[in-house]
Visitor: 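Sharing a structure here in structure tokens format.
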Amino acid sequence: MTAPRIKIDLHKIRDNTRCLVERLKPLGITVTGVTKGVCGHPGVARAMLDGGAIGLADARLANVRRMRKAGLTCPILMIRTPMLSQAGQIVETCEASCNTETSVIAKLAAAALRRGISHEIILMVEMGDGREGIMPEDLTNAALHVTRTPGVLLKGIGANFGCLADAAPTSQAMAVLSSLADETEGACGPFVETVSGGSSANLSWALDGGPADRINNLRIGEAILLGTDPVSGHPISGLHTDAFTLLAEVIETKIKSKPVPLKLSDPALSALSLVPGNHWTTRSILALGLQDTDPAGLTFPAAVIFVGATSDHIVVETTNCPLRIGSEMSMKMSYSALARAMEAPDVSKVLHRNRPLTEGAAGSRNGRITELF
Ligand SMILES: *Cc1c(COP(=O)(O)O)cnc(C)c1O
């Protein structure tokens, strides 16, 4: 089979989605599946919907286009503030978008009017992460502006935590967001339907029992895909952490002397440093590099030590069993390693299901479908 490749278990993605959907349901919180970590991979997106996600969200237009092209008709939310230059295309492909800039909202509205539709707006509020958001004191004015602009509909408000500031939200912050929903309604009149409280970083708050109050939606990517909490890095109980596996092929294994870290000015001394001592190690090279993934975000098998990476090579050290040329190594990926590998043209994506989704479908055998990009 071709290497490098990512093995994707769609059942595990569906299970993870379902598990979170069920656990958040008693709190009145729905799940929007975030697909940016897999570049809008349609199979993964469908697995999220099968697991009960009410819709999908992505940060890039190209990813949304890919899902639409694959026939996905569910609501899609653009979670990055749209580029002014893409307003027309956003309105064409996404039912809703997260917004913080009145000039962008005006352009979305004009584009929606031209198409004879209404585009839904989620106003993002800055709650301490330091990335996107309207300052809370400016929210009412922004909301009034949206309600008075034909072509756009105020669908709700939202916040984001744990991205730039790497801190999980407190229940106090969530209570503030709830009260902002009440305030917005008081000032603008229309019901604020969606209060999207955050991302996977909010799960420790939500799964601890909230209280959810007005928060009725979370936009979840990492927890569904990797089963981990992005703030602590710990696995979330009940979720699969092995839905994705990266496989790479070993192209060199040699016993090599460790380079001496000292810079020796005398060439004779430098030569001496290569004299065998206890500096010998077994090193292998994987045909995978910075162009394919984020090597710092890989978890290697036990007894394999990451040494370094260049654009096309990853060098590892093994302590007991030397790696055979042509053999494959399996690695777990962090969110950044996954996102880069999903985008890399030389990394093929192989979908695994416990049973074929379509019996006897072309390209599907033993529940395995290979997609080459
Ligand atoms: C990426 C992103 C999410 C999803 O974050 P995860 O940590 O993957 O759950 C949610 N909302 C916004 C605005 C994002 O940019």
Side-chain angles (χ1 to χ4, degrees), residues 13 16-17 19-21 23-24 29-41 44-45 47-48 51 53-61 63-64 75-83 90 94 96-101 104 120-134 155-169 173-174 177 194-207 215-236 239 241 243-244 294 297 333-340 342-343:
I13 289 156
N16 282 357
T17 313
C19 179
L20 290 170
V21 165
R23 283 158 85 174
L24 294 171
I29 296 178
T30 58
V31 171
T32 296
V34 177
T35 48
K36 68 183 184 209
V38 290
C39 300
H41 189 289
V44 174
M48 289 177 169
I54 57 155
L56 301 170
D58 205 291
R60 288 170 192 260
L61 193 57
N63 296 346
V64 177
I76 298 183
L77 169 70
M78 173 52 60
I79 44 173
R80 186 171 70 181
T81 305
M83 286 183 228
I90 295 288
C94 303
S97 56
C98 293
N99 283 276
T100 61
E101 293 290 347
V104 174
E120 296 168 346
I121 304 290
I122 305 267
L123 288 175
M124 296 300 278
V125 193
E126 166 60 57
M127 303 271 316
D129 187 48
R131 204 178 67 180
E132 74 271 37
I134 298 162
K155 167 93 167 163
I157 63 170
N160 198 51
F161 299 90
C163 277
L164 201 58
D166 216 17
M174 300 318 287
L177 187 63
T194 303
V195 184
S196 191
S199 61
S200 300
N202 290 61
L203 286 170
S204 57
W205 160 78
L207 299 177
I215 316 294
N216 58 12
N217 173 261
L218 289 177
R219 309 170 306 271
I220 309 280
E222 176 162 344
I224 291 175
L225 300 171
L226 299 178
T228 46
D229 177 327
V231 179
S232 68
H234 296 149
I236 297 170
L239 299 187
T241 56
F244 296 87
D294 172 12
M333 292 173 281
S334 69
Y335 197 73
S336 63
L338 172 69
R340 209 186 293 173
M342 286 300 294
E343 207 181 14

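Note that ligands are numbered from 1 as they come in the structure, with each ligand's atoms numbered from 1 the same way.
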Visitor: May I ask which of Glu222, Glu132, Met78, Lys36 has a heavy atom nearer to atom 13 (C) of ligand 1 than the others do?
Guide: Glu132
Visitor: Just to confirm my output: which protein heavy-atom neighbour is closest to atom 12 (C) of ligand 1, and how far is it?
Guide: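 Here the closest protein heavy atom is Asn160 OD1, 3.6 Å.
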Visitor: Taking distance alone, with N or O pairs closer than 3.5 Å, would you say Ala223 contacts ligand 1?
Guide: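 Not met; the criterion fails.
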Visitor: Might you point out which heavy atoms bring Leu177 and Met127 nearest each other, and give the distance in Å?
Guide: N-CE, 4.0 Å
Visitor: Can you sort out which atoms of ligand 1 are near Tyr335, meaning under 4.0 Å from one of its heavy atoms?
Guide: 8 (O)
Visitor: Would you mind finding which of Ser200, Gly221, Ala339, Ser196 brings a heavy atom closest to atom 7 (O) of ligand 1?
Guide: Ser200
Visitor: Return the CD to CG distance between Glu132 and Asn99, rounded to the nearest 0.5 Å.
Guide: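 So the gap between those two atoms works out to 10.5 Å.
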Visitor: Quick one: nearest non-hydrogen protein atom to atom 11 (N) of ligand 1, plus distance?
Guide: Arg219 NE, 2.9 Å
Visitor: Below 4.0 angstrom from a heavy atom of Ile220, which ligand 1 atoms are there? Numbered from 1 as shown, please.
Guide: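 The list of qualifying atoms is 9 (O).
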Visitor: For Ser196, does its backbone N or O pair with a side-chain atom of Arg219 as donor and acceptor, under 3.5 Å?
Guide: yes
Visitor: Verify, without hydrogens or angle tests, whether Asp58 (side chain) and Leu56 (backbone) share a donor-acceptor contact under 3.5 angstrom.
Guide: no
Visitor: With a heavy-atom distance limit of 4.0 Å, tell me whether Val34 approaches ligand 1 through its side chain, its backbone, both, or neither.
Guide: side chain
Visitor: Among all protein non-hydrogen atoms, which one is nearest to atom 5 (O) of ligand 1, and what is the separation to 0.1 Å?
Guide: Ser199 CB, 3.3 Å
Visitor: Under a 4.0 angstrom heavy-atom cut-off, which atoms of ligand 1 come close to Ile79?
Guide: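 Listed by number with element: 2 (C), 12 (C), 13 (C), 14 (C), 15 (O).
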Visitor: Check the surroundings of atom CD in Glu343: do more than 12 heavy atoms from other residues, nucleotides or ligands lie under 6.0 Å from it?
Guide: no
Visitor: Given 3.5 Å as the limit, does a donor-acceptor pair link the side chain of Ser200 with the main chain of Ala223, or not?
Guide: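 Confirmed, Ser200 side chain pairs with Ala223 backbone.
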Visitor: Is it the case that the side chains of Asp294 and Ser334 hold a donor-acceptor pair, with the cut-off being a distance below 3.5 Å and no angle test?
Guide: no
